[in-house]
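Sequence lines set the chain letters: A, B, ... in the order given, protein chains first and strands last, and positions in each chain run from 1. Since we're looking at a predicted model, the values are computed, not measured.
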2 protein chains.
Amino acid sequence: MNTRDKILDAAAHVMRTRGFARTTTKEIARAAGYSEATLYKHFQDKTDLFLAVLHAKLPTFRPFAEELARKPGAGSLRDNLAATARAAIEFYRESFPMTASIFAEPDLLAAHRTSAARRGAGPHRPVEALARYLRAEQEAGRIRPEADPDAGAALLLGACLQYAFLLSFAQRELDPQAVEAYAGSLADTLVTGLTTAR
Amino acid sequence: MNTRDKILDAAAHVMRTRGFARTTTKEIARAAGYSEATLYKHFQDKTDLFLAVLHAKLPTFRPFAEELARKPGAGSLRDNLAATARAAIEFYRESFPMTASIFAEPDLLAAHRTSAARRGAGPHRPVEALARYLRAEQEAGRIRPEADPDAGAALLLGACLQYAFLLSFAQRELDPQAVEAYAGSLADTLVTGLTTAR
DNA sequence: TCCTAGTTAGTGAGTACCTACTTACCTAGG
DNA sequence: CCTAGGTAAGTAGGTACTCACTAACTAGGA
């Protein structure tokens, strides 16, 4: 692992523990095992370093979205949704602390938003992926035609985001059994809504 | 309005615009129209001031929760849920920037969590209020008995939280027409799920 | 095989600035 | 005269960032 990556690793670690705003260049340098001046050989300034950390270390939903794209027609709709909910809770749980803390720095938020948009990333992508899957199931006839796939996707993933938010707020760990039960009842409630005539 | 309240107002305003972490005592004092030293006549230190701001200025869901408690049996379930969604989006939209930015300061988050718990507030309260309403409707026979009111509440409010989150991230204003349509399709999707047999 | 010059990766010791917080003082009302 | 509310002018410590420097390695010409 080269120096730049070591610095990114250390910065991500310090950001997660000390919090975004309280992270100092001195602390990052010490955690990485280099001097402060070395940071500035590899990054223009602190903002540049933070954007690089966000780019490199924010978890991505892409692998699961790709799996979801292969699923229409296979497996039960309910189980697919429950699996999506479990993956989404983990995804949001991992990304939330870092994402939320960017809101403390409006300037950084703006910079991150533009750089993320340029890369085609963004927080709405999971919802879009799930909505695409639901539309495919709708065309395959497994979801009733009047249903709204966008609303369905927003409901399921919103509940997952909220779950992760509450866990972060309470500073609790994930309990796999509780997640399993929660994801299941979300899927049950949602599927019945999507598949049953009024 | 007394000095203390003026300071709280100014602090809340600066926190919203400059961001939580970047807010300085000097800036608050200037915005309030007092000297920096005056802040310390009214608050012990900066943390004490911030906790007071959070206590005084965080929006509350209580008025709407109370209205919701009077509703079971009156009006259509769908319209009640759509109204709840609209209120929740506004509530989350207002409280999210401040709430999320606390995550940048783990120490402050912990302090706020304990002080909020002591006052009986907390981010889970809206979900609980909605779940209580849904249970009442279930007992009144307007929701099928096998449905899970907790899951229903989590789905609806989660989607609203997510909507507010995305708006904050995109730094867009609320578009009442879009909110109306969004809340409606959420309620439609959810109600069908809660009221129809499989 | 040496000598030399350039490059790369890193650092110790600062600097200029900003921050939360304090002190000594003032002033008006009761 | 005392006290509550207010201030100007600090202080001590922390912050991002810079600069002059070193040591190790590389390339290439005589």
Are Tyr163(B) and Tyr92(B) close enough that their ring centers fall under 6.0 Å? no
Proximity to the side chain of Ala37(A) - top-ranked nucleotide from dA8(D), dT11(C), dG10(C): dT11(C)
Rounded to whole Å, how long is the line connecting atom CG of Asn2(B) with atom P of dG5(D)? 10 Å
Residue pair Phe103(B), Phe103(A): steps toward the ring-ring contact (aromatic ring centres under 6.0 Å, His included) verdict: CA-CA 9 Å; Phe103(B) 281 82; Phe103(A) 281 82; over 10 Å; no
Give a yes or no answer on whether the side chain of Asn80(B) reaches the backbone of Ala74(B) with a donor-acceptor pair at less than 3.5 Å. yes
Are any of the side-chain nitrogens in Glu36(A) or Lys26(A) under 4.0 Å away from the carboxylate oxygens of its partner? no
Quick one: on DNA chain D, does Gly33(B) or Glu36(B) contact a more 5' nucleotide (nearest heavy atom)? Gly33(B)
Interface with DNA chain D, restricted to residues 9-32 of chain A and to heavy atoms under 4.0 Å: Thr23(A), Thr24(A), Thr25(A)
Hey, does the side chain of Thr38(B) come within less than 4.0 Å of dT7(D)'s phosphate (OP1/OP2), counting only N and O? yes
In whole Å, what is the span from the OH atom of Tyr34(A) to the P atom of dA9(C)? 11 Å
On the 0 to 90° scale, with breaks at 30° and 60°, tag the Phe169(B)-Phe165(B) ring pair as parallel, tilted or perpendicular. parallel
Just one of Ile143(A), Asp150(A), Leu130(A) clears the side-chain contact (heavy atoms from CB on, under 4.5 Å) bar with Arg135(A), so which one? Asp150(A)
Would you jot down, in residue-number order, the residues of residues 40-58 of chain A having a non-hydrogen atom under 4.0 Å from DNA chain C? Lys41(A), His42(A)
